[in-house]
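Below: one structure, written as structure tokens.
As a basis for the values below, the full set of heavy atoms in this structure was taken, side chains included, without hydrogen atoms, waters or symmetry mates. Each chain gets a letter, A, B and so on, in the order the sequences are listed, and its residues count up from 1. Remember, predicted model here, so these are calculated numbers, not experimental data.
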Protein chains: 2
Amino acid sequence: MMLPKKNTTIRRKEIVQAALQVIGEKGVHGLTITEIAGRAGMSDANIYRHFKGKQEILKALGDFISEAMMGTAAGIAAGKGSSLEKLSAIFRSHAALIAANPGLPRFMFSEEIHLEDLSLAKTIADKIAGYIETLSMIIAAGVKNGELQSLAPRETAITLLGMIQFIALRWSITRGAFSLDAEAERLLNNFLLLIQAGSPQVLLEPDTMEPV
Amino acid sequence: MMLPKKNTTIRRKEIVQAALQVIGEKGVHGLTITEIAGRAGMSDANIYRHFKGKQEILKALGDFISEAMMGTAAGIAAGKGSSLEKLSAIFRSHAALIAANPGLPRFMFSEEIHLEDLSLAKTIADKIAGYIETLSMIIAAGVKNGELQSLAPRETAITLLGMIQFIALRWSITRGAFSLDAEAERLLNNFLLLIQAGSPQVLLEPDTMEPV
DNA sequence: TTGTAATGTGAACGCGCATTCACATAATGG
DNA sequence: CCATTATGTGAATGCGCGTTCACATTACAA
């Protein structure tokens with residue numbers, strides 16, 4: 001059987017998406033050319049008409065994933081809302097993105113990615129640094145206007161990212177044994193309690209809901 | 001050349017240690033029988049005198065790593081000291097352990113581990129759950145005696161672990177481009193500020209110290 | 001001492017997987 | 001409509017790596 005022909009730009013997107021799906025199911029370890037081709041509905045050899053090799057596919061996938069994660073975060077950061085609202089929105093959207101694409105954290109964690117290709121590792125590291133920077137600025141703004149406690153912006157940003165990433169890791173190891181969204185919500189609530197100004201110490205009365 | 005003979009229990013330890021070192025340098029992806037054998041100074045075939053196969057080596061390595069991490073944490077948890085002191089000690093020892101054994105986080109992150117062997121994945125997940133439980137109890141105790149803010153023990157424990165793990169990931173990706181210990185210390189300080197009772201909020205009145 | 005089990009090794013085997021090749025078939029520009 | 005290029009495919013290639021085998025050498029129990 002011969003596949004109807006499409007130009008390279010379209011095929012490249014299909015292949016990258018197929019790769020992401022394969023990683024979600026079989027992991028980066030199970031990401032073979034044959035698997036990608038099968039998922040994309042084409043022959044193995046045809047992959048090489050659109051990519052120089054597997055490494056190039058990984059590079060394209062890295063760009064796509066980085067863009068998917070950073071894009072929404074940057075959008076939220078640039079938009080309207082309080083610091084708490086922005087942090088919550090970014091956190092939730094990130095969790096939702098992972099829940100929808102299990103291959104995403106697998107790709108980020110995988111050393112098959114980090115160690116194999118120096119430039120790809122650098123790309124990912126830079127994207128993470130940018131992410132931290134984005135969150136830091138939101139937090140710094142919140143500290144300045146008294147919305148948040150007086151805390152270190154960068155370290156707090158890293159703490160937030162660590163939460164997401166750790167949830168994703170456990171979720172990946174347990175093969176989705178728990179609800180990622182629900183777990184994320186629990187952690188977010190606790191985190192918000194910690195960082196917002198003058199919040200806790202509700203030890204006794206459960207009254208002060210809706211803190212504005 | 002023929003290696004002087006030793007019994008299996010000794011050889012098994014040597015092989016596991018060699019494997020851990022190889023992972024630290026080449027990653028789980030680069031963990032090949034030939035590499036392990038070379039590092040341990042023995043022939044490939046001899047590996048199979050002491051392990052049934054590669055999978056069994058990974059299993060033994062998983063046990064070793066779990067024990068190394070959980071062991072010290074449990075010891076500190078059972079010892080004397082305030083909650084803050086215990087959390088700090090566990091955090092620092094964990095960071096130091098990772099700094100000394102780069103293969104440790106690589107192993108934990110690797111899906112080559114999680115996805116290949118169900119029982120190994122379960123072992124790791126259980127160990128992590130136990131770790132969370134240990135930290136939770138420390139935190140719960142701190143909350144009860146007023147040392148810590150009224151926060152959710154389990155979620156706070158996960159936040160702490162997420163911090164460590166995220167540092168380790170970035171450290172791994174950047175191939176040790178920054179000082180893991182220093183970074184860990186910065187994050188720990190910020191975290192302690194967040195969780196201890198009545199610390200920040202110096203914004204206005206530095207009154208409500210010591211709430212019990 | 002002696003024979004049996006444990007330990008050690010180089011060579012070979014087989015499989016999976018990335019990549020290439022020779023050859024169709026469709027698109028596209030002149 | 002023709003020629004050139006882009007796209008698509010099954011089969012072959014080659015290599016890395018886990019594992020096995022046939023055969024030494026040492027430990028050790030009787």
Side-chain angles (χ1 to χ4, degrees), chain A residues 1-23 25-62 107 110-113 115-117 120, chain B residues 1-23 25-62 107 110-113 115-117 120:
Chain A
M1 262 317 291
M2 184 95 128
L3 198 62
K5 295 189 177 183
K6 297 181 188 175
N7 64 53
T8 290
T9 51
I10 294 180
R11 286 292 182 221
R12 282 177 69 99
K13 289 176 187 169
E14 293 180 0
I15 292 170
V16 167
Q17 287 305 309
L20 183 56
Q21 289 180 18
V22 171
I23 293 179
E25 292 176 9
K26 320 249 180 175
V28 177
H29 179 64
L31 184 72
T32 140
I33 293 294
T34 304
E35 282 285 344
I36 298 175
R39 172 63 52 133
M42 62 182 69
S43 66
D44 291 23
N46 195 25
I47 298 278
Y48 291 88
R49 289 274 174 239
H50 309 291
F51 286 97
K52 190 188 168 193
K54 190 179 177 181
Q55 207 60 36
E56 205 187 14
I57 299 177
L58 293 180
K59 217 162 255 176
L61 184 54
F107 181 89
S110 173
E111 33 142 74
E112 224 143 331
I113 310 293
L115 296 182
E116 219 66 8
D117 186 336
L120 185 49
Chain B
M1 264 313 294
M2 183 96 128
L3 198 63
K5 295 190 178 182
K6 296 181 187 173
N7 63 51
T8 290
T9 50
I10 295 180
R11 286 292 183 221
R12 283 177 68 98
K13 289 176 187 169
E14 293 179 0
I15 292 170
V16 167
Q17 287 306 310
L20 183 56
Q21 289 179 18
V22 170
I23 292 179
E25 292 175 9
K26 320 248 181 176
V28 177
H29 179 63
L31 183 73
T32 139
I33 294 293
T34 304
E35 282 285 343
I36 298 174
R39 171 65 51 132
M42 63 182 68
S43 66
D44 291 22
N46 196 25
I47 297 278
Y48 291 88
R49 289 274 173 239
H50 309 292
F51 285 96
K52 189 189 169 193
K54 189 178 179 183
Q55 208 59 36
E56 204 187 15
I57 299 177
L58 293 179
K59 218 162 252 176
L61 184 54
F107 181 88
S110 173
E111 33 141 74
E112 225 143 330
I113 310 294
L115 295 182
E116 220 66 8
D117 186 336
L120 185 48

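Comparing D:dT9, D:dT7, C:dG8 by their closest approach to the side chain of A:Ser43 singles out D:dT9. The side chain of B:Arg49 sits closest to D:dA22 out of D:dT7, D:dG8, D:dA22. The side chain of B:Lys54 has D:dT19 as its nearest neighbour among C:dA22, D:dT19, D:dC21.
Remark: A:Thr8 is not in phosphate contact with D:dA6, judged by side-chain N or O atoms under 4.0 Å from OP1 or OP2. Side-chain nitrogen and oxygen atoms of A:Thr34 include none within less than 4.0 Å of the OP1 or OP2 phosphate oxygen of C:dA18. Distances shorter than 4.0 Å separate none of the side-chain N or O atoms of B:Asn46 from OP1 or OP2 on C:dT7. Side-chain nitrogen and oxygen atoms of B:His50 include none within less than 4.0 Å of the OP1 or OP2 phosphate oxygen of C:dA6.
Taking atom OH of residue A:Tyr48 and atom P of nucleotide D:dT9, one finds them 15 Å apart after rounding to whole Å. Rounded to whole Å, the distance from CD1 on A:Ile10 to P on C:dA27 is 12 Å. Spacing between atom CG of A:Leu3 and atom P of D:dA6 amounts to 19 Å, rounded to whole angstrom units. Atom NZ in A:Lys6 sits roughly 14 Å away from atom P in C:dT28 (whole-Å rounding). Following rounding to the nearest Å, A:Arg12 (CZ) and D:dA6 (C1') show an atom-to-atom distance of 15 Å. If you take NZ of B:Lys52 and P of D:dT19, they are 10 Å apart, rounded to a whole angstrom. Whole-Å rounding puts the A:Glu14 CD to D:dT7 C1' distance at 13 Å. In this structure, A:Ile33 places its CD1 atom 13 Å from C1' of C:dG16, rounding to the nearest Å.
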Start with the C-alpha distance between B:Leu115 and A:His29, add both sets of side-chain angles, then the distance that settles side chain to side chain contact (heavy atoms under 4.5 Å, CB included), and finish with yes or no. CA-CA 9 Å; B:Leu115 295 182; A:His29 179 64; over 6 Å; no
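Minimum interatomic distance between A:Thr8 and A:Arg49 (heavy atoms only, all atoms of both residues): OG1-O, 4.5 Å. Taking every heavy atom of both residues into account, B:Phe107 and B:Leu58 meet most closely at CZ-O, 3.7 Å.
Looking at heavy-atom distances under 4.0 Å, A:Leu31 makes contact with sugar-phosphate atoms alone, never a base. Contact annotation for A:Asn7: backbone-only contact, meaning every heavy-atom pair under 4.0 Å involves sugar-phosphate atoms and none involves a base. Here B:Ile57 lies out of heavy-atom contact (under 4.0 Å) with every strand.
Put simply, the side chain of B:Arg12 never gets that close to the backbone of B:Phe51: no donor and acceptor are under 3.5 Å apart.
Contact check on A:Glu14 versus A:Arg11 returns a salt bridge, with a Lys/Arg side-chain nitrogen under 4.0 Å from an Asp/Glu carboxylate oxygen.
If B:Asp44 and B:Arg11 are placed on DNA chain C by their nearest nucleotide, the residue sitting closer to the 5' end is B:Arg11.
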